[in-house]
Each structure stands twice: as C-alpha cells, then as structure tokens.
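Here's the structure we're looking at; comments come further down.
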Amino acid sequence: LLRLNKVRVSDFFFWKGEKVMFTPDVDDLNNDKNSNTVSITATHGLVFSPVPVLAEKDVVVFPTQRLGEGGSCVVYLGEYSGKRVAVKQLHQRYAARLEDEAKMFRVANAECVVPLRGIVPSRLQLVLDYGEATVADRMVEYCRDDNFIVLTVESVVKAMNSLHPLVHRDLKPENLVVFKGGREVKVCDLGISSFLVGEEEALGTFGYIPPEVLRGGRSSQASDVWAAGMILSEMLSCRQNGARKTPLECYGVDEKKLASSAAFRAEFGEWMTKGNNGILVPDGFRDARTKQLWHHIGEPCLAIESGDRPTW
C-alpha cells in the first residue's frame, strides 16, 4: 500500500503512458499482488483513457450535411465502422486544442458525456457518437415534457460531477445532445474546458456566462452551476437565451455597472424578479413538480454571488 500525502491540485503522475491528476482529497493507491493491474482510488481523481487515433480512410465525412458550427469548428455528419457519427472539424487556428479536448472526452468512468470514438490528427477531427438532436434543436418540444427537463438537469449534474475538477465553461442547450429518442442526454463540446479555475478571459456564450466572470473574475465550478440554472430557466419558460450578446441583453445590467457587485446585484435582482425579456423567471408553472424544480434548483443556481450557489 502506497499512501499519498500532501498532494497538490497541480500534482500529476504517469501510469502506463497516461497522465493522472489528483485533487487534494486523495485516498490511496492500491496494488493488488494477485493481479497484473494497479487500481487507482482517488476521490475526484481523473484518469484519462488512451485516445484512439483513426485512419483517414476509415472515417467518411459528408461535407454537405452540417450538424452545427461554432467559433472554433464545424460539425459534420459522418460514418465510422458502419455507424453514423458526428465529426467535429477544428479550424486550423485551433489545431492545438485537438488532443487536449480529446483527452477530456476520455475521462475514465465519465457519466453522461458524449463518447469519443477517436481523432484524425491529420484532419483536425474528433469523431463522436451521433445523437439525433441537441436540446436547443427541439427546445419548444422538450420544454413541455417535465420528465425530459428532470432528465436534462440530472444528466448535466452527473456529467459535471464525474468530470470534476474539470470546468466546462460553455454549458448551454446546444452542447447537450439527445440520444435514444429522448431517453438519454449527454454533454459535449469540451473544447474550452479547464481544470478547477479557468482563464480570466470570459470564454463561453453570453447568456450563460455568470456575473463574476463578466466582471472580470475567473471561471470556476460555480460558473457551470450558473449555466445549468440558465438552462433550466429556459426549459421551464420555453425561451432561449443564447442569442443575447451583451450583459444588458442577458441580465438587464448596464455594462458600466459590471464592476460594482452592489450595482449589479441591485439591477439584476430587480430584473430577475420582474422576469424581463421573458427569461429566468418562468411565466407560470405547469404543476407542483416544475415549481419545485425552479425554487429548489433553478433559483439557487442563479445566486448572484458564486459562493451562494450549490455545488455538484
């Protein structure tokens, strides 16, 4: 038995060529003398599985069938091993992200994360399981289904809990993929994820970026919790928030008042109470279940101070 003490967040070690990261609350490392394997036990530790490298000839891409696009990539329908896949094609200037993002998808035992089949480095492609839609694609349909709303919230929580200490930084309906006719929801697009504390730059999508990041603070687990609250508010109100591009459009706060926590709190609090622009506060609740979802999950996730939000 090898017990690890005083392990810092930044500590890594390598096992069979793979980088393993531990957070401060490491349990231990167990060596089973009766087997040829070493089992790693770590509370919130992340173990990365190898990323398969696929041959160009094995991955067929249909360039006329776009599934989506973002600032760093275009996603096409494709085929691999006789099955439909989603092929994420990175733009050349984001080439350095390919292996890093692929690693994030290969966290061992990750729940509710879109499976990665492999990468094609020469084409800057990530090959992922194909889902029939995103939550954003069918928001109007899905927001009327209370069971699906509960499933979505549970899936986001499970995914981010299993990926801890990863911070996604771009949770939104477009990055939640639906499988099996709505019986599964999985998180995708880990391209700008980071460990524990993100960069100072406000990366992500306006409408899901929390107040502290808009004010120049760093992203954290609480940032993802805020985004989850925004997703829930959209689904309960059947309105999408992602089209908004400024703090005023997103949260009813003038950009000049972002620096002042008190000013932000005052304007945002009034705006949230009134439900301006038809988001954040649902117009009404279909039943007691959706009301509970909002008051017990949605509102706490949207606490203005990050420390007041629940954790995964």
Side-chain angles (χ1 to χ4, degrees), residues 17-19 48-139 141-142 152 155-156 159-160 162-163 166 168-194 203-205 208 231 240 242-243:
E18 287 299 308
K19 183 183 285 188
F48 298 95
S49 303
V51 177
V53 176
L54 310 179
E56 288 187 13
K57 63 182 179 61
D58 294 334
V59 180
V60 179
V61 179
F62 304 113
T64 59
Q65 299 189 52
R66 288 193 177 193
L67 301 178
E69 59 183 301
S72 63
C73 68
V74 179
V75 182
Y76 298 100
L77 180 66
E79 186 176 285
Y80 173 67
S81 293
K83 295 182 179 180
R84 288 194 295 181
V85 291
V87 180
K88 182 174 181 177
Q89 173 80 56
L90 296 182
H91 298 319
Q92 185 62 44
R93 63 181 179 279
Y94 295 105
R97 288 186 183 178
L98 180 70
E99 292 189 13
D100 288 340
E101 181 173 359
K103 285 276 190 180
M104 301 304 183
F105 277 105
R106 298 290 290 184
V107 172
N109 301 317
E111 291 188 85
C112 301
V113 176
V114 176
L116 175 76
R117 294 303 165 195
I119 60 174
V120 185
S122 57
R123 294 179 178 171
L124 301 181
Q125 292 172 343
L126 295 99
V127 181
L128 301 148
D129 275 11
Y130 172 78
E132 58 255 36
T134 68
V135 171
D137 291 335
R138 301 180 185 172
M139 177 66 80
E141 172 189 346
Y142 292 144
T152 300
S155 299
V156 171
M160 297 317 301
S162 68
L163 290 174
L166 193 71
H168 190 286
R169 297 201 289 177
D170 201 19
L171 286 175
K172 56 185 178 180
E174 288 84 353
N175 288 337
L176 301 178
V177 183
V178 181
F179 293 86
K180 297 183 178 180
R183 297 191 301 277
E184 289 185 359
V185 177
K186 298 184 179 184
V187 172
C188 70
D189 198 354
L190 304 176
I192 61 172
S193 302
S194 64
L203 296 174
T205 303
Y208 308 95
I231 293 169
Q240 286 190 263

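Throughout, residue positions are numbered sequentially from 1 according to the sequence presented. Keep in mind that this is a model prediction, so the values were computed, not measured.
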- Measure the shortest side-chain to side-chain distance between Tyr208 and Pro173 over non-hydrogen atoms and say whether it is less than 4.5 angstrom. yes
- Can a cation-pi geometry be assigned to Lys186 and Phe179, taking NZ or CZ under 6.0 Å from the six-membered ring centre and within 45° of the ring axis? yes
- Mind checking whether Leu171 and Val156 have side chains closer than 4.5 Å, heavy atoms only? yes
- Query: About how many Å separate CG of Asp170 and CG of Asn175, when rounded to the nearest 0.5 Å?
  - Reply: 5.0 Å
- Message: Do Ser155 and Glu184 pair up side chain to side chain, a donor and an acceptor below 3.5 Å, judged on atom types alone?
- Response: no
- Item | Rounded distance [0.5 Å steps], OG in Ser72 versus CG in Leu124 | 11.0 Å
- Work out which heavy atom in Gly71 is nearest to a heavy atom in Arg93; give both atom names and the distance. O-NH2, 3.6 Å
- Note on the structure: Closest heavy-atom pair, Pro121 versus Val53, reported as atoms and distance to 0.1 Å, is CD-CG1, 3.7 Å
- In this structure, CG of Leu90 is separated from CZ of Arg123 (nearest 0.5 Å) by 14.0 Å
- Message: Pair Val114, Val187 - check side chain to side chain contact (heavy atoms under 4.5 Å, CB included), show working.
- Response: CA-CA 6 Å; Val114 176; Val187 172; over 6 Å; no
- Query: Which pair of non-hydrogen atoms, one from Thr134 and one from Tyr142, has the smallest distance, and what is that distance?
  - Reply: O-CE1, 3.9 Å
- When rounded to the nearest 0.5 Å, the distance separating NZ of Lys103 from CD1 of Ile119 is 9.5 Å
- Check each of Val75, Val113, Leu116 against Leu128 using the side chain to side chain contact (heavy atoms under 4.5 Å, CB included) test, and report the only one that passes. Leu116
- Task: Might you point out which heavy atoms bring Gln89 and Gln125 nearest each other, and give the distance in Å?
- Result: OE1-NE2, 2.9 Å
- Student check: side-chain heavy atoms of Lys88 and Glu69 closer than 4.5 Å: no
- Using atom types as modelled and distance alone, determine if a side-chain donor or acceptor of His168 lies under 3.5 Å from a backbone N or O of Cys188. yes
- Query: Can Met160 and Glu111 be said to form a side chain to side chain contact (heavy atoms under 4.5 Å, CB included), step by step?
  - Reply: CA-CA 8 Å; Met160 297 317 301; Glu111 291 188 85; over 6 Å; no
- Task: Find out whether Val87 and Leu126 are in side-chain contact, i.e. whether some heavy atom of one side chain is under 4.5 Å from a heavy atom of the other.
- Result: no
- On a heavy-atom basis, the closest approach of Gly131 and Val177 is CA-CG1, 3.7 Å
- Message: Would you say that Leu54 contacts Tyr80 through its side chain, given a criterion of any heavy-atom pair below 4.5 Å between the two side chains?
- Response: yes
- Query: Counting N and O atoms only, with roles assigned by atom type, does the side chain of Asp129 sit under 3.5 Å from a partner on the main chain of Ala86, one being a donor and the other an acceptor?
  - Reply: no
- Before giving the answer on salt bridge (charged side-chain N to carboxylate O under 4.0 Å, His left out), spell out for Lys172 and Asp189 the whole-Å C-alpha distance, their side-chain angles and the decisive distance to 0.1 Å. CA-CA 10 Å; Lys172 56 185 178 180; Asp189 198 354; 5.9 Å; no
- Query: Counting N and O atoms only, with roles assigned by atom type, does the side chain of Arg97 sit under 3.5 Å from a partner on the main chain of Tyr94, one being a donor and the other an acceptor?
  - Reply: no
- Message: Between Arg106 and Pro50 (side chain of the first, backbone of the second, donor and acceptor by atom type, cut-off under 3.5 Å), is there such a pair?
- Response: yes
- Compare all side-chain heavy atoms of Tyr130 with those of Leu77 and state whether any distance is below 4.5 angstrom. yes
- Message: With a 4.0 Å cut-off on N to O distance, would you call Arg84 and Glu79 a salt bridge?
- Response: no
- Note on the structure: On a heavy-atom basis, the closest approach of His91 and Gly70 is NE2-O, 4.0 Å
